[in-house]
Asker: 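The structure that follows is given in the form of structure tokens.
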There are 2 protein chains.
Amino acid sequence: MSPNFSIAEENYIKSIYNLQQVNDAVSTTALAEHLKSKPASITDMLKKLQAKGLLLYNPYKTFRLSKEGIKAALSIIRRHRLWESFLVHKLQFSWEEVHEVAEELEHVRSKKLIDKLDGFLGYPKFDPHGDPIPDTNGKINIQQQLPLSSLPLNKQAIITAVQDQSSELLSFLSSLKIVIGTRLEIKRRLAFDNSLEIKCRNRQPVNISEQVANAIQVNPL
Amino acid sequence: MSPNFSIAEENYIKSIYNLQQVNDAVSTTALAEHLKSKPASITDMLKKLQAKGLLLYNPYKTFRLSKEGIKAALSIIRRHRLWESFLVHKLQFSWEEVHEVAEELEHVRSKKLIDKLDGFLGYPKFDPHGDPIPDTNGKINIQQQLPLSSLPLNKQAIITAVQDQSSELLSFLSSLKIVIGTRLEIKRRLAFDNSLEIKCRNRQPVNISEQVANAIQVNPL
DNA sequence: AATAATTTTTAGGCAAACCTAAAAAAAATA
DNA sequence: TATTTTTTTTAGGTTTGCCTAAAAATTATT
Ligand SMILES: [Mn+2]
Ligand SMILES: [Mn+2]
Ligand SMILES: [Mn+2]
Ligand SMILES: [Mn+2]
């Protein structure tokens, strides 16, 4: 059946998947930073993943997940996002607290557990950060979205997702009442620092930095 | 705050706790069998646990958990039994399937997660096998019970727990409709093999072996 | 009490997953 | 293109948790 990966291997597979979504070519250093480890450790693991057929790897050049590797990544991501949904909707965690706990829960490898959890939650399509949840066959609907920083001025859009790396960012957005589904538009863009003045229906406009605008994904109306 | 133990350490602590409940003196070989490893590996870990102050250890003689070690064990057992309850009552697992999955879930170390899960389940006092669940402070109510094999003839009793090591045993009992709360009495004891003929109210009597009777805990009425 | 059997520990090794420092390759710059 | 800088890999080492085989201690038997 489906092979069993170690926790370390799973964390590598998921990180590589996430990085290659953004940038087709993943680098050893980028992955080391993402995983808070050292480049030499990355190389060790790249060789192991290649040996297991999960990675297409040209030493000194590029690497990316094989078909097999992507399948494994989607299964881990499914677990991660379902647990996040459970924590928020059943245990009343707030959206910025769940990532860390899900980072551990995702490694409990029982297909039956995850499929039952999915049903218990009512087969959610998105996690609390707006990211799509792969179904039991690993099918994922990547939604059409762009970073808020690329949205034209005065164009209405709905927030579809927020990159959930940092819980600080998520609680900051919560405090501004900026959540998944919030409708907004950009009123002004400062050339000086690329910060944005954004306006939600019947609310005071607020200013956000370029970095924050990059982390927010929107779907233009 | 509370120190963090590795998964291996947690499994050792829990096994030692369980063994010393039955038999005050735990032996290296017994622990090795319980953990499906080798005596030499046990000795390695005993030294580590002693160094961390979790174990009172006299080489070549006996060992048992320190106060600190018992506290750690109860916390792991709390997690294990709450997850088992979740799996049975929320995800409709059957009682013989849950042990294996809970064996992994128990290692997710987040006090907040477990306390919220406890509330979500309605602060259950017992797990699906009838074993008491320690509360958030580690307090556990050990119920007055004895193995069915020690129950006198013709004395009514209620099943309070079943030792859950083997899922085979649990599904066997399910098929006989013998579950937690079932009221029964022993009608006959065969000296030949110590097997028992047991009778539940308005049901046909059934025969069970000495080993099965040892695994069933009862509370005499 | 001496010997035999059993249990436990020690000695030495291995694999996984990390690390630092050095070497090699690739990319950037002059 | 030659040189410098940056990136990546290799070499060698550590810790954790496991193993087998041998030695030591304990317990059982004569
Ligand atoms: Mn993880
Ligand atoms: Mn998420
Ligand atoms: Mn376990
Ligand atoms: Mn149980």
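Chain letters run A, B, ... following the sequence lines, proteins first, then strands; residues in each count from 1.
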Asker: What about the rings of A/Tyr17 and A/Tyr12, do their centers lie closer together than 6.0 Å?
Answerer: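 Centroid distance A/Tyr17-A/Tyr12: not below 6.0 Å, so no.
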Asker: Roughly, in whole Å, what's the span from CD in A/Gln50 to P in D/dT8?
Answerer: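 That distance rounds to 16 Å.
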Asker: Counting only N and O atoms by type, is there a donor-acceptor contact under 3.5 Å from the side chain of B/Asp135 to the main-chain atoms of B/Asn137?
Answerer: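 Yes, B/Asp135 side chain to B/Asn137 backbone: donor-acceptor pair under 3.5 Å.
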Asker: Within the pair B/Thr29 and C/dT6, is there a side-chain N or O less than 4.0 Å away from OP1 or OP2?
Answerer: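 Negative; the distance criterion is not met.
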Asker: Please report the distance, rounded to the nearest Å, between CD1 in B/Ile13 and P in D/dG17.
Answerer: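 Answer to the nearest Å: 11 Å.
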Asker: Please state how far atom CG in B/Asn4 lies from atom P in D/dT16, giving the value in whole angstrom units.
Answerer: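 Roughly 14 Å, once rounded to whole Å.
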Asker: When you measure from every atom of DNA chain C, which of residues 54-66 of chain B have a heavy atom less than 4.0 Å away?
Answerer: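 The answer is B/Tyr57, B/Pro59, B/Tyr60.
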Asker: Once you round to the nearest 0.5 Å, how far does CD of A/Glu9 lie from CG of A/Asn4?
Answerer: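 The CG atom of A/Asn4 is 9.5 Å from CD of A/Glu9, to the nearest 0.5 Å.
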Asker: Without decimals, in angstroms, what is the distance between B/Asn11 CG and D/dT16 C1'?
Answerer: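 Interatomic distance, CG of B/Asn11 to C1' of D/dT16: 14 Å.
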Asker: What string of B, S and - do you get for nucleotides 13-22 of chain C 5' to 3' if you count protein non-hydrogen atoms under 4.0 Å?
Answerer: ---SBBBBB-
Asker: Does B/Phe120 have A/Lys90 sitting over its ring (NZ/CZ under 6.0 Å from centre, angle to axis within 45°)?
Answerer: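 No - A/Lys90 does not lie over the ring of B/Phe120 by the 6.0 Å and 45° rule.
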Asker: Does D/dT10 have OP1 or OP2 sitting under 4.0 Å from an N or O in the side chain of A/Thr43?
Answerer: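 So the side chain of A/Thr43 is outside the cut-off, no N or O lying under 4.0 Å from OP1 or OP2 of D/dT10.
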Asker: Roughly how far, to the nearest 0.5 Å, is the CG atom of A/Asp127 from the CG atom of A/Leu121?
Answerer: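 The distance works out to 11.5 Å.
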Asker: For the residue pair A/Asn219 and A/Thr160, confirm or rule out a side-chain donor-acceptor distance under 3.5 Å.
Answerer: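 A/Thr160 and A/Asn219 do not have a side-chain donor-acceptor pair below 3.5 Å.
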Asker: Looking at B/Thr28, I'd like to know whether one of its side-chain N or O atoms comes within less than 4.0 Å of OP1 or OP2 on C/dT9.
Answerer: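 Yes, within the criterion.
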Asker: Is it true that the side chains of A/His99 and A/His80 contain a donor and an acceptor less than 3.5 Å apart?
Answerer: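 Result is yes, a qualifying pair exists.
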Asker: Establish, from distance only, whether the side-chain atoms of B/Ser195 and B/Asn207 form a donor-acceptor pair under 3.5 Å.
Answerer: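 No donor-acceptor contact under 3.5 Å links the two side chains.
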